[in-house]
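Take a look at the structure set out below.
Any value given below was found using the heavy atoms of this structure, including those in side chains, with hydrogens, waters and symmetry copies removed. The chains referred to below are lettered A, B, ... by the order of the sequence lines, with proteins before strands, and numbering in each begins at 1.
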2 protein chains.
Amino acid sequence: MDSRGIIGSSLPRVDAVEKVTGMAIYGPDLKVPGMLFGKVLRSPLPHARILNVDTSKAERLPGVKAVATGKDFIARYGLIIQDQPCYCFDRVRYIGDPVAGVAAADLDTAEEALGLIKVDYEELPPVFDPLAAMEPHAPLVHEDLGSYWHGPVFFPVPGTNICNHFKLRRGNVEEGFQESDFIFEDTFTTPMVQHCHLEPHVSMAKFDPSGHVTIWSNTQHPYAVRREVARFLKLPTNHVRVVVTCVGGGFGGKVMLKVEPLCLVLAMKVKNFRPVKIMLTREEEFYASSVRHPTITTIKAGVRKDGTLMALKTRMVLDTGAYADLGPVVTRSVGISVTGPYKIPHVWADAYCVYTNKAIAGAFRGLGIPQLQWANDSMMDLLAEGVGMDPVEFRFKNALTEGDLSATGQTLHSVGIRECIRKAAEGIEWGKKTGKYRGKGMGTLYKMTQTPSSSSAFVKMSEDGSVEVLSSTVDMGQGSNTVLAQIAAEELGVEVRNVRVISPDTDVTPYDHGTASSRSTFYMGNAVKEAAADARRQLFEVAGEQLEVKPEDLEARGGFLFVKGGTGKGTPISAIRMGITYGKGKPIIGRGTFSVSEATLLDQETGQGANPSVFWQYGAQAAEVEVDPSTGKVEVLKIAAAHDLGRVINLLNCEQQVEGAVVTGVGITLMEELILQEGKPVNTNFGDYRIPTSLDVPEVASIFVEAAHKDGPYGAKGLGEGVLIPTSPAIGNAVYDAIGVRIHDLPITPEKILKALKEKGERER
Amino acid sequence: MDSRGIIGSSLPRVDAVEKVTGMAIYGPDLKVPGMLFGKVLRSPLPHARILNVDTSKAERLPGVKAVATGKDFIARYGLIIQDQPCYCFDRVRYIGDPVAGVAAADLDTAEEALGLIKVDYEELPPVFDPLAAMEPHAPLVHEDLGSYWHGPVFFPVPGTNICNHFKLRRGNVEEGFQESDFIFEDTFTTPMVQHCHLEPHVSMAKFDPSGHVTIWSNTQHPYAVRREVARFLKLPTNHVRVVVTCVGGGFGGKVMLKVEPLCLVLAMKVKNFRPVKIMLTREEEFYASSVRHPTITTIKAGVRKDGTLMALKTRMVLDTGAYADLGPVVTRSVGISVTGPYKIPHVWADAYCVYTNKAIAGAFRGLGIPQLQWANDSMMDLLAEGVGMDPVEFRFKNALTEGDLSATGQTLHSVGIRECIRKAAEGIEWGKKTGKYRGKGMGTLYKMTQTPSSSSAFVKMSEDGSVEVLSSTVDMGQGSNTVLAQIAAEELGVEVRNVRVISPDTDVTPYDHGTASSRSTFYMGNAVKEAAADARRQLFEVAGEQLEVKPEDLEARGGFLFVKGGTGKGTPISAIRMGITYGKGKPIIGRGTFSVSEATLLDQETGQGANPSVFWQYGAQAAEVEVDPSTGKVEVLKIAAAHDLGRVINLLNCEQQVEGAVVTGVGITLMEELILQEGKPVNTNFGDYRIPTSLDVPEVASIFVEAAHKDGPYGAKGLGEGVLIPTSPAIGNAVYDAIGVRIHDLPITPEKILKALKEKGERER
């Protein structure tokens, strides 16, 4: 079936009323009878051996129900590398590492008890700088790295701090440089930043005497949490239930396990199977949840004088902190995508994921590509300037097109980058100068999605034609419930408001890989589409018998059934007998799965192989900025954001995604940085760590390019993460255009601008 | 697939640990944040007009959050006849009819507030006796009966108190009597009895600002509650969520709507969308939930001297109290089954469901057949005695066999009654006299099931081969979760302990007609079987690709996959890739539906038609009793219970069903009676209303006859209700055998025995 006004239209969120009235139950709202409050004692040292933890005083405090330490449950978890203890039992590896937990009848008591726990440490030499951590005799954050289980597509280097080394070798990069007319080399860095979702991490865990455990969590990854918890508790998978609350923003910060293990160990220790809830404070959020990888990217690029890119040699170091979390995946992501959306015949790339004694870096909207494209698209402007070409023209010339081979050898399909470049430029009136200190710049994006992966869904129709969709996709504000409701409505021919999407709960909503990687519309959209089509087939079969029409001659829309090509006014679906009392017919239920399981193993030495991503997001943003040379302040006037998402499912939703991402992009470009001194974060509040306010929001023009994907639902791919990516280089390049200085290290603060202007003045003098 | 040790074995309950450790959440355990406590003001009068309800004082009581009266929500509900208000708005119709409700912060306040509500009534003439209620000028309990909606297979008589009149006309009954050698006529009665489930009715309701409502309830009928609430609230069906708690006994007392509407109206009135919970007291349970229909059954039967039954004329009056509830269904059930398990060529029957100003009678294990067979099997002994035959021989001779036509013209299949009669007689050493005041007697059963109806289920398999079954069947102690787990395990080839059956919740567990009518093993068993088979097909497809075997060559057992006919040790299902991270394959999920939608409309005037029941339960019980002629006390020594259930799924479960039902049967035969004086129940506690204790439990021999049903899962039909049915006539006939007196009116109390012995003595003198 294809669009009849549902797919592509601007429908309001299906969960809007619930959320604006404050009735949605977010993590912090979780309250169940008998609930205990958990608090976590965290390491004040970046690297130390734990000699002794004395909890006796804390245990005697009235109101304390349990005190847990690392010794209570010795196991390591990790979906990529099993390197992380629940509570530390041998060492602490960063300031913030959990050492003990307290469950008490109230929060004050739990906090008081933390102060009564005495920990003896033996300090160990820490390593903070990722480049230093890669040196031969650097202190090892994980001496046992070689003995940890790790996923099959990741390559830790035992005996080092490198927990993944991704290599890409294509063509002959030295030949490429020889064939080039110009060669440029430069280094770009990005700092540690925080997701800053307004809702902190909250989990609650409860054991049952029958050996089942229930975890409530505002996680993006209910099935991953279930699998990993079942594994380390040695339970059958179906003995672990993960119930997802409403999620108030995730951005990757709520993937994998976060607070769940800390709750679990406390829940094991309390009596009478009482549930234990832990909510991180805002301060803990900053340094003890997860952050975006700080990166150091050195690019050497060769280009012919006609502007043709010939060779690229990239070395990217990702500082993943004390535990791997999703760091190896981020590293693989940047390695595979190292060229950006550009055709380059000769590529040599090394991406390193490096342990340090700092806060854990994990997934964050864009999965490393914002950091990569900050470097890549800054470099593209340097190259364009070097060959004397307009940056847009230069990008357009080198941009990938349908059927091109990627750097890993994948034949690309659904490639909208050229149209994005053109439309973003148009959207900002590229080439038109509007003021002395104003400038325009462009950034692009090229982002893979999780492959292989799977989604599945159930659909059930009620006797009045209203519908429930059972899906484990987490709506964390991105609007997935609305999109999935639209798809089910479209397939079943009912109105969107008559579809309810049920909140994820691993007991009942079937398997989904997780809500991340901009994969939900594509994967879960397809699963829901198939489940709804399965239900529709049954509906038509039952209706066909009742209406004495062949099922294949029926079609449904707006809650009515019609004979194809007929002129009748239709039969309401509610008139179809579904086996509900006195009636004929049968219940209408459907199931759908969508899996991509192409061979995605790339060669360890060359990164060459088949299709590491089932689809690619493309996009380009053009920014106009104005710089105040006296204060160094950059004002972003406008962002024209053109994104190839395959197909728009909900226009309003897409516009909101773009606007939200651009604001985050402005934040990480101009202001955000989590500052650590000797491993200790110093700006862990919203006074000292600035994020954009409404006053920082530029004009945003959302432009959608629909390079339909053959396997996407109605052609759709994904949008969520991509939009964040081009914003930084677009602004950075616009700043250069405005005042002639290039900042290599995010964020572009007034201080850096003033310093660069001063240096430029000195050079020009 | 067929049995490999799972089907038919004695497996412990899958929910045993949860229940014996007290961790299961039953209705009374329900506690959610913000919950308010509701109490109900009930009518002290059996029939009256409500002139005024003054709630002003109650509303001013601190702690009271809402007071509701009939005027707050004027609507009538009822799945069979829409005759029942939430709170009475025009009249009260029995002592106990809800007049007002209070929601308060605590129970004491709610109770105190009830005392502050002032109701002005205008008394109306009540009618208590159902025969009087059928007289032409009797007071009408429902003057508007003619304007109420009712279900299509029920026949209320407007302008009377008859809310269903079922007629059966087969052959020519007058000719039948003419062809008979002996004609007997007698009348038998049964009293009002209570279900006495240990757990009282509990419901809680909560509205959301988005217009959704959640109802928690210990209901047997979640989907029926959902449908009816959606209807009277005028909401899309999927805006109503019914979550079923653990149910501590149902027996039919928790079908349809009970406390839910009372919660709903209060929940509508409270502020801030707080949930309101109502739990009935034990006293309310007795007179304000629902009871078993008191009945008056007059049978005229003709028999040839060789013992062949020729004609049956039955008039049965069922006293349904103030509202229809399931009364019309009970009436239809006895009408259709009027012959019992006997072949009778000429039948004339009228079954009347009659309103009176008394407690509401509804469904109760057996759906009227215990009352019918009390009469029928008492009559069979009278007939056998009349023609000088042994009662067992008489029954065997007249019993139905495979292929016989029922009284409604249905060709019967899976007819195990003869074997049941034979085995029950053997089980009690029929014919062997063991003591002077000892006697033996037999009763039988012939019980239909809800037809048409439907069930549906989802099944999902986790990556380790563990399984969840999503079903809306309510395990209220009968063990359905265990049976459904066995069926899923059997189909998927996994161990039963690796299957979890998820508790009913209409948001996620798909449609089921309801847990009643002994239909779950048959209907839901088939739905789960199909859903599991659907999942198995997918598993074999994925496994086949992985193992390089044709899917059709695979089989699964004990959690392993084998190549058919092979000798290998098998591949664990957990080794099959189900699309979970890094893997190929796809998630394994299945759906199944089972519907019977045969034409079951019987002719209104003759009761003739097609197949009113997809299967029939058969059984026979033989009782041995000892009567103390000095005290009149009857001791039941042994019950040999032989039941045709098609196929045993769980032997232990079936034995427990038999033992439990026999105990209830002993209770209603010997002691139970809810006594009303002028409509007012007087023995509403377990001191005055006696139920059996462990001292009253006879030896029970459980015998299972497996007349496999062609459409049942593995041949299974149902067992739950049937077992209750033969116990009363078996005991009654045994009492007659022991001491030569026949009691016509249940219960057989010592007083009645002594009186009958005295009368017998006087007659013989």
**Request:** Determine, step by step, whether A/Ser453 and A/Arg519 satisfy the side-chain hydrogen bond (donor to acceptor under 3.5 Å, both in side chains) criterion, reporting the C-alpha distance in whole Å, the side-chain angles of both residues, the deciding distance to 0.1 Å, and the verdict.
**Result:** CA-CA 9 Å; A/Ser453 81; A/Arg519 62 180 289 288; 3.0 Å; yes

**Request:** Report the option among B/His513, B/His239, B/Met23 that has the most heavy-atom pairs separated by less than 4.5 Å from atoms of chain A.
**Result:** B/Met23

**Message:** Counting heavy-atom pairs under 4.5 Å with chain B, which one of A/Arg497, A/Met578, A/Lys31 comes out on top?
**Reply:** A/Lys31

**Fill in**
Of the listed B/Val467, B/Val32, B/Val20, the one with the largest count of heavy-atom pairs under 4.5 Å with chain A is B/Val467

**Fill in**
Listed by number, the residues in residues 222-234 of chain A that come under 4.5 Å of chain B (heavy atom to heavy atom) are A/Tyr223, A/Arg226, A/Arg227

**Asked** Is there a donor-acceptor contact under 3.5 Å from the side chain of A/Gln450 to the main chain of A/Pro452?
**Response** yes

**Prompt:** Considering only heavy atoms, which portion of B/Ser574 lies under 4.5 Å from any heavy atom of chain A: side chain, backbone, both, or neither?
**Reply:** neither

**Item:** B/Ala457, part contacting chain A, at a heavy-atom distance under 4.5 Å
**Value:** backbone

**Request:** Output the option from A/Ala16, A/Ser455, A/Gly34, A/Ser456 having the highest count of non-hydrogen pairs under 4.5 Å with chain B.
**Result:** A/Ser456

**Complete:** Most heavy-atom pairs under 4.5 Å with chain A, out of B/Phe458, B/Phe594, B/Tyr511, B/Phe273, belong to B/Phe458

**Prompt:** chain A heavy atoms under 4.5 Å from B/Ile589: which part of the residue, side chain, backbone, both or neither?
**Reply:** both

**Complete:** One option among B/Thr21, B/Asp507, B/Thr509 has the most heavy-atom pairs under 4.5 Å with chain A, and it is B/Asp507

**Any donor-acceptor N/O pair, A/Asp29 side chain to A/Tyr26 backbone, under 3.5 Å** = yes

**Side-chain (A/Thr451) to main-chain (A/Val614) donor-acceptor, under 3.5 angstrom** = yes

**Prompt:** Is it the side chain or the backbone of B/Ser462 that comes within 4.5 Å of chain A heavy atoms, both, or neither?
**Reply:** both

**Message:** I'd like to know which of B/Asp534, B/Asp208, B/Asp512 tops the heavy-atom pair count under 4.5 Å against chain A.
**Reply:** B/Asp534

**Message:** Heavy-atom pairs under 4.5 Å with chain B - which of A/Ser210, A/Gly211, A/Ser595, A/Pro587 has more of them than the others?
**Reply:** A/Pro587

**Residues which pass side-chain contact (heavy atoms from CB on, under 4.5 Å) with A/Phe155, listed by chain and number, not counting sequence neighbours** = A/Asn164, A/Gln604

**Asked** Can you tell me if A/Asp505 uses its side chain to pair, donor with acceptor, with the backbone of A/Arg241 under 3.5 Å?
**Response** no

**Message:** Heavy-atom cut-off 4.5 Å, strictly under: side chain, backbone, both or neither for B/Val459 against chain A?
**Reply:** backbone

**Prompt:** Are the side chain of A/Glu545 and the backbone N or O of A/Gly585 linked by a donor-acceptor pair below 3.5 Å?
**Reply:** no

**Request:** Tell me, please, which residues at least two apart from B/Thr237 pass side chain to side chain donor-acceptor pair (under 3.5 Å).
**Result:** A/Asp464

**Request:** Check whether any side-chain N or O of A/Lys460 sits under 3.5 Å from a backbone N or O of A/Gly590 as a donor-acceptor pair, and report yes or no.
**Result:** no

**Asked** Under 3.5 Å, side chain of B/His221 to main-chain N/O of B/Met256, donor-acceptor pair present?
**Response** yes

**Message:** Heavy-atom cut-off 4.5 Å, strictly under: side chain, backbone, both or neither for B/Lys206 against chain A?
**Reply:** side chain

**Asked** B/Thr593: what forms a side chain to side chain donor-acceptor pair (under 3.5 Å) with it, not counting sequence neighbours?
**Response** none

**Top contributor to chain A interface from B/Glu468, B/Met461, B/Arg500 [non-hydrogen pairs under 4.5 Å]** = B/Arg500

**Donor-acceptor under 3.5 Å (B/Ser454 side chain, A/Lys586 main chain)** = no

**Request:** Look only at the side chain of B/Glu463 and the backbone of B/Gly579, and say whether a donor-acceptor pair between them is shorter than 3.5 Å.
**Result:** no

